[in-house]
Amino acid sequence: MTEQHTANSDISAGAIPALLIRGLKKAFADVRAVDGLGFEVHRGECFGLLGPNGAGKTTTIEVCEGLNEQDEGTVELLGLNWREHSLELRQRIGIQLQETQFPDKLTVEETLRLFRSFYRHGISIDESIRTAQLEEKRKARVGGLSGGQKQRLAMATALVGDPELLFLDEPTTGLDPQARRHLWDLVEALKRAGRTIILTTHYMDEAERLCDRVAIMDHGRVIAQGSPQQLIATVGGEDIVEFAVSASLAKEAAPAAIDSGSLTAIPGVQSHRVSDALHQLSVTELHTAVPLIFAELKQQGLHLTEFRTHSATLEDVFVRLTGRNLRDE
């Protein structure tokens, strides 16, 4: 009891990370899902674990949640580990899986009462229903809930034990835009309440909006880490210009060769890459760079077949680091 009290005092003082991972490895047969992973999550922050399907996000989270055991490495939650403190950890963390199956015949209230019974301490059923914005569905059977409502119920079951550390594994996958926004609002409310949240997602806009810091994973490793703003700054420009060109006005004209050096020589153009015949320029001062890009393409006798711009995003960070888009198979 004294040892646990000391640990809690250290945690409240910020001495112990909410999550500490060092040298984590996990393989399934001859496939290494996680390969030497390492990062820390501070108390009270929302930390995003990002990457494409197969990057190792879910395996990492399952090890952290105690659902899988690592082959090598250190994993500590709130200064504790699963081998020695499993019962204590289950009382202090909350988990929302990618997909949660609840009994269809139970009501929302009955489901939350069942989950609340698993914890020594926690919040009231009324508070958990309010937090998940399910007041109007309190007496509704789970089988009649929409996809978004079921995800909010899953969030409520993860919160009913009043966890110090909350895991959200792809919480908005498969949801329509409105349901995603509702989940985002809920996560932001949890952040304001000071919860520590680990969020896995392959939606970069979700990570940019919700996360204080992120780690981008690929092939079982962390390839970049920092705040979304810090990582986006590494792209080298504030905006991305994307275009395709042809050497003639014919609709079916083949993609044309382009003088890359002349494009990167344009003031404000930081870099140039080509993916599937689509050119991407990282630029600063978009309003001055775009007319010069148009003029240079015309000078080279090229005709635009596509053209668009967008602000640099975490997706562009991933492309810069890996040479492929996040959702490329």
Side-chain angles (χ1 to χ4, degrees), residues 18 44 46-49 57-58 61-62 64-68 77-78 82 86-203 206 209-211:
C46 181
F47 187 91
L49 199 56
K57 304 187 305 296
T58 294
I61 291 300
E62 287 179 347
C64 294
E65 294 167 343
L67 301 177
N68 248 318
L77 295 78
L78 308 171
W82 282 105
S86 60
L87 293 179
E88 182 66 27
L89 281 174
R90 294 192 194 286
Q91 293 295 316
R92 298 174 65 183
I93 70 170
I95 299 172
Q96 180 181 358
L97 304 175
Q98 280 190 33
E99 185 177 351
T100 306
Q101 297 294 331
F102 298 111
D104 284 348
K105 300 300 182 183
L106 290 183
T107 66
V108 166
E109 181 177 355
E110 290 167 342
T111 301
L112 288 170
R113 289 195 183 282
L114 172 64
F115 276 79
R116 176 64 182 84
S117 70
F118 301 153
Y119 298 95
R120 294 190 299 267
H121 307 287
I123 63 177
S124 69
I125 304 304
D126 289 343
E127 185 178 350
S128 62
I129 289 175
R130 267 196 316 275
T131 300
Q133 301 170 357
L134 288 170
E135 294 95 331
E136 295 182 0
K137 295 295 180 179
R138 183 185 192 112
K139 300 297 183 182
R141 296 189 187 278
V142 171
L145 300 180
S146 68
Q149 290 164 348
K150 286 181 180 177
Q151 286 292 72
R152 296 210 300 278
L153 176 59
M155 182 84 77
T157 61
L159 291 169
V160 75
D162 197 19
E164 297 173 52
L165 178 59
L166 180 63
F167 292 93
L168 305 178
D169 191 6
E170 305 277 5
T172 63
T173 296
L175 298 185
D176 62 60
Q178 184 178 10
R180 284 185 72 204
R181 297 283 177 180
H182 283 156
L183 260 296
W184 288 0
D185 291 343
L186 180 52
V187 173
E188 288 178 328
L190 296 173
K191 284 180 59 180
R192 289 193 296 272
R195 303 257 183 199
T196 304
I197 302 169
I198 316 294
L199 171 73
T200 72
T201 182
H202 58 260
Y203 296 119
E206 185 165 280
R209 172 164 170 172
L210 299 178
C211 297

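In this text, all values refer to a predicted model and were calculated from it rather than measured experimentally.
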Requested in this report: Spell out, as yes or no, whether a donor-acceptor pair under 3.5 Å connects the side chain of S124 to the backbone of E127.
Outcome: yes

Query - Between T173 and Q98, a side-chain donor and acceptor under 3.5 Å - result: no

Report task. Would you kindly say whether Q133 and E135 are connected by a side-chain donor-acceptor distance under 3.5 Å? Result -> no

Query raised in the report: When you check the gap from the basic side-chain N to the acidic O, do R180 and E206 get nearer than 4.0 Å?
Result: yes

Query raised in the report: Closest heavy-atom contact between V142 and P103?
Result: CB-O, 3.6 Å

**Report entry** CA sep, side-chain torsions, deciding dist, call: T172, Y203, side chain to side chain contact (heavy atoms under 4.5 Å, CB included)
**Finding:** CA-CA 9 Å; T172 63; Y203 296 119; 3.6 Å; yes

Requested in this report: Taking all heavy atoms of I123 and all of L159, pick out the closest pair and write down the distance.
Outcome: CD1-O, 3.7 Å

Query raised in the report: Rounded to the nearest 0.5 Å, how far apart are CG of L112 and CD1 of I129?
Result: 5.5 Å

Report task. Indicate yes or no: at least one non-hydrogen side-chain atom of P171 is less than 4.5 angstrom from one of L199. Result -> yes

Query raised in the report: So, does Q91 use its side chain to make a donor-acceptor pair with the main chain of R120 at under 3.5 Å?
Result: yes

Query raised in the report: Ion pair present between R181 and D176, side-chain N to carboxylate O less than 4.0 angstrom?
Result: no

Query raised in the report: Run the side chain to side chain contact (heavy atoms under 4.5 Å, CB included) check on L168 and T200 step by step: do they pass?
Result: CA-CA 6 Å; L168 305 178; T200 72; over 6 Å; no

Query raised in the report: Where is the tightest heavy-atom contact between E164 and T196, given as atom of each residue plus distance?
Result: O-CB, 3.6 Å

Query raised in the report: Atom CG of D169 and atom CD1 of I61: how far apart are they, to the nearest 0.5 Å?
Result: 6.0 Å

Query raised in the report: Do T157 and T100 pass the side chain to side chain contact (heavy atoms under 4.5 Å, CB included) test, and can you show the C-alpha distance, the side-chain angles, and the key distance before you say yes or no?
Result: CA-CA 10 Å; T157 61; T100 306; 5.5 Å; no

Query raised in the report: Hey, are the side chains of R92 and L165 touching, using non-hydrogen atoms and a 4.5 Å cut-off?
Result: no

Report task. State whether F118 and R90 meet the cation-pi test: NZ (Lys) or CZ (Arg) under 6.0 Å from the six-membered ring centroid, and within 45° of the perpendicular axis. Result -> no

Requested in this report: Salt-bridge test for R138 and D126: reply yes if a basic N is under 4.0 Å from a carboxylate O, no otherwise.
Outcome: yes

Requested in this report: Kindly compute the distance separating CZ (F167) from CG (L49), expressed to the nearest 0.5 Å.
Outcome: 10.5 Å

Query raised in the report: Can you tell me how far the CH2 atom of W184 sits from the CG atom of L175, to the nearest 0.5 Å?
Result: 11.0 Å

Query - Any donor-acceptor N/O pair, R141 side chain to K105 backbone, under 3.5 Å - result: yes

Query raised in the report: How close do A154 and F102 get, heavy atom to heavy atom, and via which atoms?
Result: CA-CZ, 3.8 Å

Query raised in the report: Charged N to carboxylate O below 4.0 Å: is that the case for E170 and K57?
Result: yes

Query - Salt-bridge criterion met for E188 and R209 (N-O under 4.0 Å) - result: yes

**Report entry** Stepwise side chain to side chain contact (heavy atoms under 4.5 Å, CB included) test for Q101 and E99
**Finding:** CA-CA 7 Å; Q101 297 294 331; E99 185 177 351; 2.7 Å; yes

**Report entry** Heavy-atom closest contact (A156 atom, S128 atom, distance)
**Finding:** CB-O, 3.9 Å

**Report entry** Test item: K137 side-chain N/O and Q149 main-chain N/O as donor-acceptor pair under 3.5 Å
**Finding:** no

Requested in this report: Locate the shortest heavy-atom distance separating G122 from D162; write the atom from each residue and the value.
Outcome: CA-CB, 4.0 Å

Report task. Measure the spacing between CD1 of I95 and CD of E65 and express it to the nearest 0.5 Å. Result -> 4.0 Å

Query raised in the report: What distance separates L186 CG from L134 CG, expressed to the nearest 0.5 Å?
Result: 9.0 Å

Query raised in the report: Under 3.5 Å, side chain of E109 to main-chain N/O of I125, donor-acceptor pair present?
Result: no

